[in-house]
Novice: 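The following block contains the structure, expressed as structure tokens.
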2 protein chains.
Amino acid sequence: MTTQPAQSEVLLTPSEVATLFRVDPKTVTRWAKAGKLSSIRTLGGHRRYRESEVLELLGVPNQRDRQA
Amino acid sequence: MTTQPAQSEVLLTPSEVATLFRVDPKTVTRWAKAGKLSSIRTLGGHRRYRESEVLELLGVPNQRDRQA
DNA sequence: AGTGAGTTGGGTAATTAGGGAA
DNA sequence: CCTGTCCTAATTACCCAACTCA
């Protein structure tokens, strides 16, 4: 462990999230627009999603909260 | 490039499962509601089904349990 | 600087959920 | 007991052109 960025979060692209949920990328965009999924924007306006949040919604137990 | 982020289950839509079983999609929904088939929900409430589980129920030998 | 893939936006069909009755 | 169908409302999928990303 050397220089660990403060809070590095693994981000997923719209198509990656869409693949996980078996939906269209556009649907993921609607979820973000509806506030059901938090999104981070690139400087060009493209959306990125937190992997931890997506996996959580998919029902995949998180490593940090595996005591739940 | 659709990089696979994490181990993801391949999911099937209700109509796809219905086609495989030669039943109405509504029937698949009843199976899920009765707990006979596990389902994952999209953020909009639509159900998705695990391909591995469906194939298992169809009698297709699973690749992961091929040592059985 | 240019190319190809991915994303965004808006608009319109197609699926799905839910309950209920045959 | 199980399934297929009818109904309405909600969600999702595919169409386009323009922009961003790597």
Side-chain angles (χ1 to χ4, degrees):
Chain A
M1 305 310 166
T2 52
T3 44
Q4 185 96 358
Q7 281 192 354
S8 177
E9 185 75 56
V10 179
L11 299 181
L12 301 178
T13 64
S15 60
E16 287 173 342
V17 177
T19 299
L20 292 174
F21 275 98
R22 188 54 168 85
V23 294
D24 195 89
K26 191 135 202 169
T27 300
V28 180
T29 299
R30 289 197 209 92
W31 293 345
K33 223 180 290 187
K36 297 179 180 178
L37 184 62
S38 60
S39 62
I40 298 176
R41 300 276 229 163
T42 67
L43 299 187
H46 287 193
R47 281 175 255 256
R48 297 285 116 98
Y49 304 93
R50 302 179 184 278
E51 183 188 44
S52 59
E53 183 179 6
V54 171
L55 294 181
E56 192 71 26
L57 291 172
L58 276 171
V60 178
N62 198 330
Q63 298 176 2
R64 302 191 177 183
D65 319 323
R66 55 188 179 88
Q67 60 94 27
Chain B
M1 185 77 71
T2 52
T3 50
Q4 283 291 64
Q7 79 230 359
S8 62
E9 280 272 358
V10 179
L11 301 179
L12 299 177
T13 64
S15 61
E16 288 172 342
V17 178
T19 300
L20 290 173
F21 276 99
R22 285 294 230 123
V23 294
D24 194 89
K26 194 86 172 189
T27 300
V28 179
T29 299
R30 290 200 186 96
W31 293 346
K33 209 181 302 180
K36 298 179 179 179
L37 184 61
S38 62
S39 63
I40 297 177
R41 297 279 205 146
T42 68
L43 299 190
H46 285 201
R47 296 184 180 88
R48 297 283 116 102
Y49 304 94
R50 301 179 185 277
E51 183 188 45
S52 58
E53 184 179 4
V54 171
L55 295 180
E56 190 73 25
L57 291 171
L58 281 170
V60 179
N62 196 331
Q63 297 177 2
R64 298 194 179 186
D65 312 328
R66 50 185 162 83
Q67 61 96 26

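Residue numbers begin at 1 in each chain, while the letters A, B, ... track the order of the sequences.
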Novice: Testing the basics here: between B:Gly44 and A:Trp31, what is the closest heavy-atom pair and its distance to 0.1 Å?
Specialist: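 Heavy-atom minimum between the residues: N-NE1, 4.0 Å.
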
Novice: Any donor-acceptor pair under 3.5 Å joining the side chain of A:Arg47 to the base of C:dG6?
Specialist: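 Flag unset: no donor-acceptor pair detected.
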
Novice: Looking at A:Thr29, does any N or O in its side chain come under 4.0 Å of the phosphate oxygens OP1/OP2 on C:dG9?
Specialist: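 It does not, given that no N or O in the side chain of A:Thr29 lies less than 4.0 Å from OP1 or OP2 of C:dG9.
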
Novice: Taking atom P of C:dT15 as reference, at what distance in whole Å does atom CZ of A:Arg22 sit?
Specialist: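 For the pair A:Arg22 CZ and C:dT15 P, the rounded distance is 13 Å.
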
Novice: For A:Asp24 and A:Ala18, work out which heavy atoms get closest and say how close.
Specialist: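 Reported closest heavy-atom pair: C-CB, 3.8 Å.
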
Novice: In whole Å, what is the span from the NE2 atom of A:His46 to the C1' atom of D:dC19?
Specialist: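 Those two atoms, NE2 and C1', are 6 Å apart.
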
Novice: For D:dT12, take OP1 and OP2 only and decide whether either is under 4.0 Å from a side-chain N or O of A:Trp31.
Specialist: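 For D:dT12, OP1 or OP2 has a side-chain N or O of A:Trp31 closer than 4.0 Å.
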
Novice: Would you kindly give the CG-to-C1' distance between A:Leu11 and C:dT7, to the nearest whole Å?
Specialist: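 A:Leu11 atom CG is separated from C:dT7 atom C1' by 15 Å.
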
Novice: Atom NE2 of A:His46 and atom OG1 of A:Thr29: how far apart are they, to the nearest 0.5 Å?
Specialist: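 Answer rounded to 0.5 Å: 10.0 Å.
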
Novice: Rounded to the nearest angstrom, tell me the gap between atom CZ in B:Phe21 and atom C1' in D:dG4.
Specialist: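 For the pair B:Phe21 CZ and D:dG4 C1', the rounded distance is 17 Å.
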
Novice: D:dC21 P sits how many Å from A:Ile40 CD1, rounded?
Specialist: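 Whole-Å distance recorded here is 15 Å.
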
Novice: Return the 5'-most residue of the pair B:Gly44, A:Thr42 with respect to DNA chain D, ranking by each residue's nearest nucleotide.
Specialist: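 Its nearest nucleotide lies further toward 5', so the answer is B:Gly44.
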
Novice: Does the C:dG18 base have a donor-acceptor partner in the side chain of B:Lys26 within less than 3.5 Å?
Specialist: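 Indeed there is one.
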
Novice: Among the candidates D:dT12, D:dT3, C:dG9, find the nucleotide nearest to the side-chain atoms of B:Thr27.
Specialist: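 It is D:dT3.
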
Novice: To the nearest angstrom, how far is A:Asp24 atom CG from D:dC16 atom C1'?
Specialist: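 These atoms are roughly 14 Å apart.
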
Novice: With both distances under 3.5 angstrom, what nucleotide forms a Watson-Crick or G-U wobble pair with D:dG4?
Specialist: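 Pairing partner: none.
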
Novice: Among A:Glu53, A:Glu51, A:Arg48, which one satisfies side chain to side chain contact (heavy atoms under 4.5 Å, CB included) with A:Leu12?
Specialist: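 Filter result, single survivor: A:Glu51.
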
Novice: Below the 4.0 Å mark, does C:dT15 have OP1 or OP2 next to a side-chain nitrogen or oxygen of B:Thr13?
Specialist: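 Checking C:dT15 against B:Thr13, no side-chain N or O comes under 4.0 Å of OP1 or OP2.
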
Novice: Once you round it to whole Å, what is the distance between P of D:dT20 and CZ of A:Arg48?
Specialist: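 It works out to 14 Å between those atoms.
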
Novice: On the side chain of A:Arg30, is there an atom forming a donor-acceptor pair with the base of D:dA13 - under 3.5 Å, no angle test?
Specialist: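 Flag set: donor-acceptor pair detected.
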
Novice: Near B:Arg22 CZ, under 6.0 Å, is it more than 12 heavy atoms from other residues, nucleotides or ligands?
Specialist: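 Check fails, neighbour count at 12 or below.
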
Novice: Within the pair A:Lys33 and C:dG10, is there a side-chain N or O less than 4.0 Å away from OP1 or OP2?
Specialist: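 A:Lys33 to C:dG10 OP1/OP2: no side-chain N or O under 4.0 Å.
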
Novice: Which nucleotide in the set D:dT3, C:dG18, D:dT20 lies at the smallest distance from any side-chain heavy atom of B:Arg41?
Specialist: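 The closest nucleotide is C:dG18.
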
Novice: Could you check how far CG of A:Leu43 sits from P of C:dT8, rounded to whole Å?
Specialist: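 Nearest whole value for this atom pair: 14 Å.
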
